[in-house]
Amino acid sequence: MIVVKTEQEIDAMREPCAIVRDTLAFVGSKVRPGITTAELDAYAEEYIRSRGALPSCLGYCGYPASVCASVNEEIVHGIPGERILRAGDIVSIDLCAYKNGFHGDGARTFAVGEIDENKRKLIRVTEECFFRAIEGLRAGTPLYDIGAKVQAHAEANGFSVVREYVGHGIGREMHEDPSVPNFGKRGTGVRLKANTVLCIEPMVVAGKRDLRVLDDGWTAVTKDGSPAAHYENTVVIREDGVEILTL
Ligand code: MF3
Ligand code: CO
């Protein structure tokens, strides 16, 4: 069931969402060759807690860290560890913060030093997929228009979108209805109501979309080893457009 938020609930979500935005920027400022993903996770956890919030991912379904840090061919849910980032890598940081009884959720992909043209294009197109998806999005828009627009833009650029991981509603729970796929057919799905809060999160792969999950039970990687990028914001559907809470 899709739960529409009251204006007070949306106001309560502003702070955890702002903390997500600021944590992503802070972690991004720490990304450089030589740093480990565990160090990035520690920076994020410390920062989230310094703002009086909790890292929602830590302990979620047994997840062992505060952020997901997915490098190169890792698509999502990379577990931070002793892996050292090197120039030419890309790293997707996905994190959630909990405060005021609500969660915020966002993701960005960062370049480590100089990256090649294909990875630069992948990061750019993944961000563009998000902005294409919210173009014209407002109360009354069919849900799967979001995924249709993400998919169209990714594929027009020679990339693909994964099917196994999707965006979602968010609020008192990190994952609420509805699922928000990054693929689909325009004009289908429920018509979104005003004050629905969604996480729209294109996950785009430079090669084929086939993936597998590593033995750690979390990390999703492309089967063909091609790089992947992730860009996510928490947004409110309004009568006349969307309000982005994590920008
Ligand atoms: N931000 C992620 C999402 O949108 C949450 C990571 S799942 C976790 O689903 F289990 F790793 F926390
Ligand atoms: Co999410």
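Bear in mind that the values here come from a model prediction, so they are computed numbers and not experimental data.
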**Q** Should Phe26 and Leu40 be counted in the same cluster of Ile, Leu, Val, Met, Phe, Trp and Tyr side chains packed under 4.5 Å apart?
**A** yes
**Q** Does Lys121 qualify as a cation-pi partner of Phe159, given the criterion of NZ or CZ under 6.0 Å from the six-membered ring centre and within 45 degrees of its axis?
**A** yes
**Q** With a sphere of 6.0 Å drawn around OH of Tyr43, does it hold more than 12 non-hydrogen atoms of other residues, nucleotides or ligands?
**A** no
**Q** Does NZ or CZ of Arg186 lie under 6.0 Å from the centre of the six-membered ring of Tyr144, at an angle within 45° of the ring axis?
**A** no
**Q** Take Gln8 and Asp11, measure what side-chain contact (heavy atoms from CB on, under 4.5 Å) needs, and give me the verdict at the end.
**A** CA-CA 5 Å; Gln8 278 130 308; Asp11 280 338; 5.5 Å; no
**Q** Output yes when a side-chain donor or acceptor of Asn195 lies under 3.5 Å from a complementary backbone atom of Lys5, and no otherwise.
**A** yes
**Q** Measure the CD-SG distance between Glu45 and Cys57 for me, rounded to the nearest 0.5 Å.
**A** 11.5 Å
**Q** I'd like to check Val112 versus Ile35 (side-chain heavy atoms, cut-off strictly below 4.5 Å). Are they in contact?
**A** no
**Q** Sub-3.5 Å donor-acceptor pair from the side chain of Asp224 to the main-chain atoms of Lys208, do we have one?
**A** yes
**Q** So, does Thr234 use its side chain to make a donor-acceptor pair with the main chain of Thr246 at under 3.5 Å?
**A** no
**Q** Restricting to non-hydrogen atoms, name the atom on Val204 and the atom on Ala154 that form the minimum distance, rounded to 0.1 Å.
**A** CG1-CB, 4.1 Å
**Q** With no hydrogens and no angle check, just 3.5 Å: does a side-chain donor-acceptor pair link Asn233 and Arg108?
**A** yes
**Q** Does any N or O in the side chain of Lys119 come within less than 3.5 Å of the main-chain N or O of Gly88, such that one atom is a donor and the other an acceptor?
**A** yes
**Q** Between atom CG of Leu143 and atom CD1 of Ile2, what is the distance when rounded to the nearest 0.5 Å?
**A** 6.5 Å
**Q** Does the side chain of Glu201 come under 3.5 Å of the side chain of His230 through a donor N or O and an acceptor N or O?
**A** yes
**Q** Could you report the tightest heavy-atom contact between Val27 and Ala44, atom names first, then the distance?
**A** CG2-CB, 3.6 Å
**Q** What's the spacing between Thr188 OG1 and Asp145 CG if we round to 0.5 Å?
**A** 7.5 Å
**Q** Find out if a path of hydrophobic residues (ILVMFWY) with successive side-chain heavy-atom gaps under 4.5 Å connects Leu211 to Val205.
**A** yes
**Q** Any side-chain donor-acceptor pair under 3.5 Å between His175 and Tyr60?
**A** yes
**Q** Given side chains that start at C-beta, do those of Glu9 and Phe102 come closer than 4.5 Å, heavy atoms only?
**A** yes
**Q** Is the shortest side-chain heavy-atom distance between Val197 and Met13 below 4.5 Å?
**A** yes
**Q** Can you check whether Phe110 reaches Ile90 side chain to side chain, under 4.5 Å on heavy atoms?
**A** no
**Q** Just by distance, do the side chain of Lys30 and the backbone of Glu39 share a donor-acceptor pair under 3.5 Å?
**A** no
**Q** Are His168 and Cys199 packed together at the side-chain level, in the sense that at least one heavy-atom pair is separated by less than 4.5 angstrom?
**A** yes
**Q** Has the side chain of Ser66 got a donor or acceptor atom that lies under 3.5 Å from a matching backbone atom of Leu58?
**A** no
**Q** May I ask you to test the Val213-Val221 pair for a side-chain heavy-atom distance under 4.5 Å?
**A** no
**Q** Start with the C-alpha gap between Glu74 and Arg83, add the side-chain angles, then the distance that decides, and say whether salt bridge (Lys or Arg N to Asp or Glu O under 4.0 Å) holds.
**A** CA-CA 13 Å; Glu74 297 174 354; Arg83 181 171 183 165; 3.2 Å; yes
**Q** Arg120 side chain to Ile115 main-chain N or O, any donor-acceptor pair under 3.5 Å?
**A** yes
**Q** Cluster question for you: counting only ILVMFWY and a side-chain heavy-atom cut-off of under 4.5 Å, with indirect links fine, are Val67 and Ile170 together?
**A** no
**Q** Under a 3.5 Å threshold, yes or no: a donor from one side chain and an acceptor from the other, between Gln151 and Asn182?
**A** no
**Q** So, Thr109 versus Ser92: side-chain donor-acceptor pair below 3.5 Å or not?
**A** yes
**Q** Using the six-membered ring wherever Trp is involved, compare the ring planes of Trp218 and His77 and label them parallel, tilted or perpendicular (cut-offs 30° and 60°).
**A** perpendicular
**Q** Which atoms form the tightest heavy-atom contact between Val166 and Met203, and what is the distance?
**A** N-CE, 4.0 Å
**Q** Between Ser70 (side chain) and Gly78 (backbone), is there a donor-acceptor pair under 3.5 Å?
**A** yes
**Q** Would you check, one step at a time, whether the test salt bridge (Lys or Arg N to Asp or Glu O under 4.0 Å) holds for Arg14 with Glu243?
**A** CA-CA 11 Å; Arg14 291 181 194 286; Glu243 188 184 347; 2.5 Å; yes
**Q** Show me, pair by pair, the donor-acceptor contacts under 3.5 angstrom made by side chains of residues 15-24, not counting sequence neighbours?
**A**
residue : atom : partner : partner atom : Å
Glu15   : OE1  : Asn100  : ND2          : 3.2
Glu15   : OE2  : Lys99   : NZ           : 2.8
Asp22   : OD2  : Arg51   : NH1          : 2.7
Asp22   : OD2  : Arg51   : NH2          : 3.3
Thr23   : OG1  : Ile19   : O            : 2.6

**Q** Quick check for you: to the nearest 0.5 Å, what is the distance between Asp210 atom CG and Glu164 atom CD?
**A** 8.0 Å
**Q** Can you name the closest pair of heavy atoms from Lys185 and Ala148 and give their distance?
**A** C-CB, 4.1 Å
**Q** Can you label the angle between the Phe131 ring and the Tyr231 ring as parallel, tilted or perpendicular, going by 30° and 60°?
**A** tilted
**Q** Are Arg238 and Glu7 close enough for a salt bridge, meaning some N to O gap below 4.0 Å?
**A** yes
**Q** Counting distance only, does the side-chain N/O of Arg191 pair as donor-acceptor with the main-chain N or O of Gly140 below 3.5 Å?
**A** yes
**Q** Is Ile244 linked to Val4 within one hydrophobic cluster, defined over Ile, Leu, Val, Met, Phe, Trp and Tyr using a side-chain heavy-atom separation of less than 4.5 Å?
**A** no
**Q** Without swapping roles, check the side chain of Ser160 against the backbone of Gly207 for a donor-acceptor pair under 3.5 Å.
**A** yes
**Q** Quick one: does Ile146's side chain get under 4.5 Å of Leu192's, heavy atoms only?
**A** yes
**Q** Where do Ile79 and Thr219 come nearest, in terms of heavy atoms and distance?
**A** N-OG1, 3.8 Å
**Q** Taking all non-hydrogen atoms of both residues into account, name the closest pair between Ile48 and Pro55 and its distance.
**A** CG2-N, 3.7 Å
**Q** Around atom CZ of Arg86, are there more than 12 heavy atoms of other residues, nucleotides or ligands at under 6.0 Å?
**A** no
**Q** Would His103 and Ser56 satisfy side-chain hydrogen bond (donor to acceptor under 3.5 Å, both in side chains), going step by step from the backbone distance to the final call?
**A** CA-CA 7 Å; His103 298 271; Ser56 321; 2.8 Å; yes
**Q** Rounded to the nearest 0.5 Å, how far does CG of Asp89 lie from CD of Glu73?
**A** 9.0 Å
**Q** Among Leu198, Val242, Leu245, find the one that has a side-chain contact (heavy atoms from CB on, under 4.5 Å) with Val236.
**A** Leu245
**Q** Do Leu95 and Val71 sit in the same hydrophobic cluster, where Ile, Leu, Val, Met, Phe, Trp and Tyr count as joined when their side-chain heavy atoms come under 4.5 Å apart?
**A** yes
**Q** Does any non-hydrogen side-chain atom of Arg124 lie less than 4.5 Å from one of Glu128?
**A** yes
**Q** How long is the gap from CD1 on Ile237 to OG1 on Thr141, to the nearest 0.5 Å?
**A** 7.0 Å
